[in-house]
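Written below as structure tokens is the structure these notes are about.
Order of listing sets the numbers, starting from 1, for every ligand and every atom in it. The figures that follow rest on heavy atoms only: side chains count, while hydrogens, waters and symmetry mates do not.
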Amino acid sequence: MKPAPFAYHRARDAAGAARLLAELGDDAKVIAGGQSLVPMMSFRLARPGHLVDIGGLRELDYLRAEADGSLRIGALTTHHAVETAPDGVIGPGFRVLRDAMSWVGHLPIRTRGTVGGSIAHGDTTAEWCLLAVLLDAELTALGPHGRRVIPAAEFFHGFYTTALEPDEILVEITFPAPAPHAALTEFAERRGDFAIVSTAVSLDLGPAGEVRGGRVALGGVAPAPVRSPEAEAVLAVGAAAGAEAELFTACAHAAAAAADPPHDANGSAAYRRTLIRTLVQDACEEAMTR
Ligand SMILES: Cc1cc2nc3c(=O)[nH]c(=O)nc-3n(C[C@H](O)[C@H](O)[C@H](O)COP(=O)(O)OP(=O)(O)OC[C@H]3O[C@@H](n4cnc5c(N)ncnc54)[C@H](O)[C@@H]3O)c2cc1C
């Protein structure tokens, strides 16, 4: 199918894009890489009357490692730019971001799709959404009245729904602190498909390699990506270096037991719980090797 008719507007800068959105009202949508929006328009699941194209705004295409240890990513940075970023930009502290990109679709999608587009789209299993929740990313939105920073914990409201207002664009994603012992893993029926369940873990290790705690995030088990406080409570018990296997098993069981995943055409709730258990255990073990 072809998209319904729409008017095309090319933004000259980020502030101009926000002004255009405010002028055009609820019938307007931003287009960045088009890798989610264009298929939705082609299937007529989305029928915006106006498209505001921000794809040419180089000012939003950057990756910056800051002196305070944070990493700033411009919203128009592509998945592929992260995947191929040199060590000087994405060092060991953010390797999980680079490694996670291999799970995102296929190369042609990664060369056009953007970090900001992924997060604004708000798919519960999307790797960027999961990483933002896991690592407490700060999401900077720009609207006609200026900028505001939204913590990832408050950004994802539900099924493809976020805290962004219709006249706001996402301009920057900040990961405030390095996560050197983190891993993301997921299961999809075919490589490159959206995951049925995705999980991510970031471990807090002590100087001798002992586990002192950690974070666990789950995608595909609720309308938005979520942290698992129950699994994190298990990790907080800790384990000496070399004795973490039981802790990781208990953590994976806690994550699965506490989740209330949906039953749909991709799998039953019980199937998803099995995936959570297996994937959280794998992610813990992989994070430990970092
Ligand atoms: C076959 C296929 C497989 C895929 N597999 C995966 C996968 O495994 N994992 C995954 O995460 N993604 C996957 N994707 C989607 C891909 O990652 C997209 O790049 C991403 O979801 C959206 O980024 P985009 O720049 O293309 O956004 P667009 O498609 O241009 O926009 C998506 C939505 O976000 C809004 N938007 C975009 N940028 C902004 C902004 N800066 N501010 C405010 N709103 C904005 C748009 O209005 C639209 O609603 C897949 C896509 C395809 C076609």
*Nearest neighbour in protein (non-hydrogen) for atom 24 (P) of ligand 1*: G33 N, 3.6 Å
_Numbered atoms and elements of ligand 1 in range of I169, under 4.0 angstrom, heavy atoms_ = 42 (N), 43 (C)
*asked:* If we ignore hydrogens and angles and just use 3.5 Å, is the side chain of H145 paired with the main-chain N or O of L142 as donor and acceptor?
replied: no
*Checking side chain to side chain contact (heavy atoms under 4.5 Å, CB included) for the pair Q35/H79: CA distance, chi angles, key distance, verdict?*
CA-CA 11 Å; Q35 297 304 292; H79 311 307; over 6 Å; no
*Around D68, counting heavy atoms of other residues, nucleotides and ligands shown, do more than 12 lie under 6.0 Å from its CG?*
yes
*Would you mind checking which non-hydrogen protein atom is closest to atom 26 (O) of ligand 1, with the distance to 0.1 Å?*
Q35 N, 2.7 Å
_Is it the case that the side chain of R110 and the backbone of V104 share a donor-acceptor pair, with hydrogens and angles ignored and the cut-off at 3.5 Å?_
yes
*Please state which protein non-hydrogen atom is closest to atom 27 (O) of ligand 1 and give its distance, to 0.1 Å?*
G117 CA, 3.6 Å
_Nitrogen or oxygen of K29 less than 3.5 angstrom from that of ligand 1_ = yes
*Starting from atom 25 (O) of ligand 1, locate the nearest protein heavy atom and write down its residue, its atom name and how far away it is, to 0.1 Å.*
T114 OG1, 2.6 Å
*Is there a side-chain contact between F248 and L203, using heavy atoms and a 4.5 Å cut-off?*
yes
_Backbone N/O of R72 and side chain of R64: donor-acceptor pair under 3.5 Å_ = no
_Short N or O distance, S36 and ligand 1, threshold 3.5 Å exclusive_ = yes
*Look only at the side chain of E232 and the backbone of R215, and say whether a donor-acceptor pair between them is shorter than 3.5 Å.*
no
*If you count the atoms of ligand 1 from 1 in the order shown, which ones are under 4.0 Å from a heavy atom of A126?*
11 (O)
*Of the protein's non-hydrogen atoms, which lies at the shortest distance from atom 31 (O) of ligand 1, and what is that distance?*
L37 CB, 3.9 Å
*Polar proximity ligand 1 side, A120 side, N/O cut 3.5 Å exclusive*: no
*asked:* Would you say CZ of F43 has more than 12 non-hydrogen atoms from neighbouring residues, nucleotides or ligands within 6.0 angstrom?
replied: no
*Does the pair E23/R19 count as a salt bridge with the N-to-O cut at 4.0 Å?*
no
*Any R112 side-chain heavy atom under 4.5 Å of T78 side chain*: no
_Top protein contact for atom 8 (O) of ligand 1, by heavy-atom distance_ = G105 N, 3.2 Å
*Should R112 be counted as touching ligand 1, given the test is an N or O pair under 3.5 Å?*
no
*So which bit of I109 gets within less than 4.0 Å of ligand 1, heavy atoms only: side chain, backbone, both or neither?*
side chain
_Heavy-atom pair with the smallest gap, counting every atom of R273 and P261_ = NH2-CD, 3.8 Å
_So if I count the atoms of ligand 1 from 1 in the order they appear, which ones are less than 4.0 Å from some heavy atom of D193?_
8 (O)
*What protein heavy atom sits nearest atom 14 (N) of ligand 1, and how far off is it?*
F194 CZ, 3.4 Å
*Any idea which atoms of ligand 1 are less than 4.0 Å away from a heavy-atom of I31?*
30 (O)
*Could you tell me whether W103 approaches ligand 1 through its side chain, its backbone, both or neither, with non-hydrogen atoms closer than 4.0 Å?*
backbone
_Within the 4.5 Å heavy-atom criterion, are T125 and E186 side-chain neighbours or not?_
no
*For ligand 1, is V115 a contact, meaning one of its heavy atoms is under 4.0 Å away?*
no
*Taking N or O atoms only and a 3.5 Å limit, does A32 qualify as a polar contact for ligand 1?*
yes
_ligand 1 N/O within reach of V30 N/O, cut-off under 3.5 Å_ = yes
*For ligand 1, which atoms sit closer than 4.0 Å to a heavy atom of G113?*
19 (O), 25 (O), 26 (O)
*Nearest protein heavy atom to atom 41 (N) of ligand 1, by residue and atom, and its distance?*
L170 O, 3.0 Å
_H79 heavy atom under 4.0 Å from ligand 1_ = yes
_Charged N-O contact under 4.0 Å between R147 and E172_ = no
*Got an N/O contact under 3.5 Å between V38 and ligand 1?*
no
*Below 4.0 angstrom from a heavy atom of G192, which ligand 1 atoms are there? Numbered from 1 as shown, please.*
3 (C), 5 (N), 8 (O)
_Just verifying a value: how many Å separate T161 OG1 and F155 CZ, rounded to the nearest 0.5 Å?_
11.0 Å
*Which is it for L164 and ligand 1 at heavy atoms under 4.0 Å: side chain, backbone, both or neither?*
side chain
